[in-house]
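I have placed the structure first, in the form of structure tokens, so that the comments after it can refer back to it.
If you're wondering where the values come from, they're calculated on a predicted model, not measured in any experiment. A, B, ... follow the sequence lines: proteins, then strands. Residue 1 opens every chain.
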Amino acid sequence: MNIEHKIIAATVAAVKELYQQDLPENQVNLQDTRAEFEGQITIVVFPVVRFSKKSPEATATDLGEYLVANIEEVTAFNVVKGFLNLSIADAYWVNLFNTDLLNPSFGVFSPNGKKVMVEYSSPNTNKPLHLGHVRNNLLGYSVAELLKASGYDVVKVNLVNDRGIHICKSMLAWQKWGNGETPESSLMKGDHLVGKYYVIFDKEYKKEIEALKLEGQTEEEAKKNAPLIKEAQKMLQDWEAGVPEVIELWKTMNGWVYDGFAVSYKNLGVDFDKYYYESNTYLLGKGTVDEGLEKGVFFKKPDGSVWIDLTADGLDQKLVLRADGTSVYITQDLGTAQMKYDDFKMDESIYVVGNEQDYHFKVLFLILEKLGKSWATGLHHLSYGMVDLPSGKMKSREGTVVDADDLVAEMIDTAKAKTEALGKVNDFDEEEKERLYYNIGMGALKYFLLKVEPKKRLLFDPAESIDFQGNTGPFIQYTHARIKSLLLKAGYDFAHAGVADAEITATEKEMIMLLAKYPNEIQSAAKTHSPAVLANYLYEVAKMFNKFYHETPPIIKEENEAVKKHRLNLSFVTAEVLKRGMRILGIAVPERM
RNA sequence: GCCUUGGUAGCUCAGUUGGAUAGAGCAACGGUUUUCUAAACCGUGGGUCAGGGGUUCGAAUCCCUUCCAGGGUACCA
């Protein structure tokens with residue numbers, strides 16, 4: 001039984017004995033003692049006052065005396081207003097460290113027997129990835145790793161939006177103005193090449209609209225009547241009809257895009273267990289619509305369109321099938337959800353999708369629930385905020401986007417420049433240097449994006465480079481490297497280190513307490529689908545270590561063997577926590593930097 | 001209009017499910033290196049937690065309301 005449980009149980013017993021009252025366990029409110037007071041664990045006694053019928057101070061004193069008398073580890077207490085601060089024996093913390101934290105399985109969770117699917121990335125194949133996609137990819141990857149770490153069996157999937165009018169726009173523009181250009185001939189990455197034609201389409205389309213407006217059409221009419229859009233729509237119909245030339249072009253251009261994405265994904269360090277393609281799934285869902293009609297969940301309007309009425313749930317009426325029998329977005333998603341469940345029978349499923357689709361997913365999940373799908377309750381939308389620039393929203397068609405590949409390259413360059421300026425790794429060979437620059441640059445980028453709570457919008461200023469100091473990825477990486485250097489110089493070997501029964505300092509005690517929280521941090525980050533929780537925790541750990549490192553005399557020269565061994569063990573565990581935690585964020589920590 | 005999410009230091013963000021005097025980083029200023037990596041450490045200044053009201057021993061946190069910003073709003077995805 002850990003000390004927190006002992007304190008809770010003893011407090012309940014104390015209230016029984018002292019006041020003859022039954023105190024519910026959840027009324028025992030524990031928190032870390034603030035640094036300015038003596039002690040490590042604090043009981044907030046206000047909730048107990050109702051039972052003691054005494055002042056907060058008197059109640060706290062009663063409890064303090066009882067706990068010191070009845071719990072061996074509680075050595076002293078002090079009362080500040082309604083707060084009872086308890087001092088826990090150093091021996092307890094040393095023992096906790098030696099038995100729990102030094103155990104190789106510390107913070108490792110055994111399988112919980114549950115399977116979860118994480119769908120993320122889900123790009124369109126008409127343009128390259130930008131910073132918004134980067135946030136999605138890093139979030140999805142990290143949440144998947146987080147769930148793995150907390151015991152889930154995880155399936156990562158990518159639902160690629162590879163069809164539709166927007167794809168046809170790129171295709172059409174290439175056909176008209178491409179002159180047979182290919183990634184090879186242009187030396188452009190395939191996704192960028194296709195994106196270029198998407199932009200060209202938009203430009204030409206806008207010209208046509210302007211021309212039609214000069215002829216007296218309204219904006220709306222012009223948008224509908226422009227020859228280009230009509231051609232694109234025709235192309236989409238041809239695609240659906242399976243016209244060979246269109247299919248051929250589609251395959252070719254999508255192939256270029258996939259080659260490009262593969263490079264971007266590799267740079268971002270993300271991967272998938274399975275890809276779904278909308279070209280295979282866009283017709284799904286009609287069976288589900290029939291099912292809904294049979295069950296009376298959906299209804300048909302006179303024109304033949306199919307709807308669901310969600311007004312009783314505070315939402316609107318929602319179209320699920322057009323009058324002409326064709327699908328809308330939600331039709332596909334209903335069908336795809338069913339297919340994914342049939343494929344994997346997962347207990348939970350997480351959709352990593354921007355908050356612009358909050359309403360869509362609310363509706364989707366509600367419909368599946370109403371259809372009586374037992375698995376519907378396991379569906380979650382991990383909604384994240386948009387990445388904005390100081391100028392506002394990023395818009396692909398207007399070219400105000402931060403390109404993912406460019407950004408990665410810039411980050412690596414910056415890492416290189418900063419590392420070279422410090423001159424600590426001049427003995428590395430080229431390959432080691434490249435790897436280090438990559439790890440540091442990506443560490444900075446990933447941490448920057450992941451430390452922010454997913455649901456909050458994120459501001460990125462291209463003019464201001466991402467920091468490498470303070471609350472950043474490189475700071476944590478540096479702390480890890482620093483520890484590794486120390487351990488190396490000390491000739492430390494965990495396998496033969498053994499435990500040490502040593503006196504500990506106040507900072508060491510704080511570190512043990514902080515490190516001991518690691519398993520809880522993993523669980524709560526996983527539960528809330530928030531890598532930010534973990535990121536901020538790892539920063540605390542790194543900061544604490546640097547404080548410890550700085551205020552402690554050189555450990556290698558420490559003459560008291562037990563103290564030395566303990567400090568090296570403490571450093572080792574810190575490095576392990578940083579390494580494993582960062583790994584979950586998708587960030588590698590170097591041995592040297 | 002309606003629904004929804006945000007608003008915390010000059011800037012970027014935390015805030016442990018309602019607890020003590022609201023914390024970090026960056027930027028600014030000052031200090032620390034003959035000692036294990038200074039991408040570090042220590043210190044100073046900086047706050048109407050958007051405004052107002054309420055709930056209670058106690059509110060950045062819960063409720064109501066106003067303002068500001070983002071997103072959505074029935075046949076785009």
Ionic contact status for A:Glu119 with A:Lys340, cut-off 4.0 Å: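 Result for this pair is yes, salt bridge flagged.
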For atom [atom1], what is the distance between [N] and [M], given to the nearest Å?
{"N": "B:A69", "M": "B:A24", "atom1": "C1'", "value": "25 Å"}
{"N": "B:A74", "M": "B:G18", "atom1": "P", "value": "36 Å"}
{"N": "B:A22", "M": "B:A50", "atom1": "P", "value": "15 Å"}

Report the nucleotide, chosen from [options], that has the shortest atom-to-atom distance to any side-chain atom of [X].
{"X": "A:Arg322", "options": "B:C13, B:C75, B:A20", "result": "B:C75"}
{"X": "A:Lys456", "options": "B:A40, B:U35, B:G6", "result": "B:G6"}
{"X": "A:Leu458", "options": "B:A39, B:C36, B:C13", "result": "B:C13"}
{"X": "A:Lys543", "options": "B:C41, B:A39, B:A14", "result": "B:C41"}
{"X": "A:Tyr539", "options": "B:G25, B:C41, B:A20", "result": "B:G25"}
{"X": "A:Arg34", "options": "B:C41, B:G23, B:A74", "result": "B:G23"}
{"X": "A:Lys557", "options": "B:A77, B:A20, B:U35", "result": "B:U35"}
{"X": "A:Thr33", "options": "B:A39, B:A77, B:A20", "result": "B:A20"}
{"X": "A:Asp316", "options": "B:A39, B:U73, B:A20", "result": "B:U73"}
{"X": "A:Arg592", "options": "B:U37, B:C13, B:A40", "result": "B:U37"}

Out of A:Thr61, A:Val44, A:Val49, A:Val48, which one pairs with A:Pro56 under the side-chain contact (heavy atoms from CB on, under 4.5 Å) rule? A:Val49
With a 3.5 Å cut-off and just heavy-atom distances, do the side chain of [X] and the base of [N] make a donor-acceptor pair?
{"X": "A:Glu540", "N": "B:A24", "result": "no"}
{"X": "A:Thr419", "N": "B:A39", "result": "yes"}
{"X": "A:Asp388", "N": "B:A69", "result": "no"}
{"X": "A:Thr479", "N": "B:A39", "result": "no"}

Taking pairing as Watson-Crick or G-U wobble with both contacts under 3.5 Å, can you name the mate of [N], or confirm there isn't one?
{"N": "B:A27", "result": "none"}
{"N": "B:C36", "result": "none"}
{"N": "B:G18", "result": "none"}
{"N": "B:G6", "result": "B:C68"}
{"N": "B:U73", "result": "B:G1"}

Most 5' of A:Pro553 and A:Asp358 on RNA chain B, judged by nearest nucleotide: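 It is A:Asp358 whose nearest nucleotide is closer to the 5' end.
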Between A:Ala481 and A:Asn29, which is nearer to the 5' end of RNA chain B once each is assigned its nearest nucleotide?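 Nearer the 5' end of the strand: A:Asn29.
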Salt bridge (Lys or Arg N to Asp or Glu O under 4.0 Å) between A:Asp290 and A:Lys286, worked out: CA-CA 6 Å; A:Asp290 292 339; A:Lys286 294 188 186 182; over 6 Å; no
If you measure only the distance, is there a donor-acceptor pair under 3.5 Å linking the side chains of A:Ser279 and A:Asp162? yes
Ring stacking, A:Phe46 with base of B:G58, under 5.5 Å and under 30°? no
What is the nucleic acid contact for [X], judged by heavy atoms within less than 4.0 Å: base, sugar-phosphate only, or nothing?
{"X": "A:Asp303", "answer": "base"}
{"X": "A:Tyr359", "answer": "sugar-phosphate"}
{"X": "A:Glu464", "answer": "nothing"}
{"X": "A:Lys318", "answer": "nothing"}
{"X": "A:Thr42", "answer": "base"}
{"X": "A:Met593", "answer": "base"}
{"X": "A:Val44", "answer": "base"}
{"X": "A:Ile440", "answer": "base"}

Between A:Leu284 and A:Gln332, does a side chain to side chain contact (heavy atoms under 4.5 Å, CB included) hold up when you go through it step by step? CA-CA 5 Å; A:Leu284 293 175; A:Gln332 293 178 43; over 6 Å; no
Sequence neighbours left out, what passes side-chain contact (heavy atoms from CB on, under 4.5 Å) with A:Gln21? Give chain and number order.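 In terms of side-chain contact (heavy atoms from CB on, under 4.5 Å), with neighbours along the sequence ignored, A:Gln21 is linked to A:Val15, A:Tyr19, A:Phe51.
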For A:Leu389 and A:Asp461, what are the C-alpha separation, side-chain angles and deciding distance, and is it a side chain to side chain contact (heavy atoms under 4.5 Å, CB included)? CA-CA 6 Å; A:Leu389 305 175; A:Asp461 188 347; over 6 Å; no
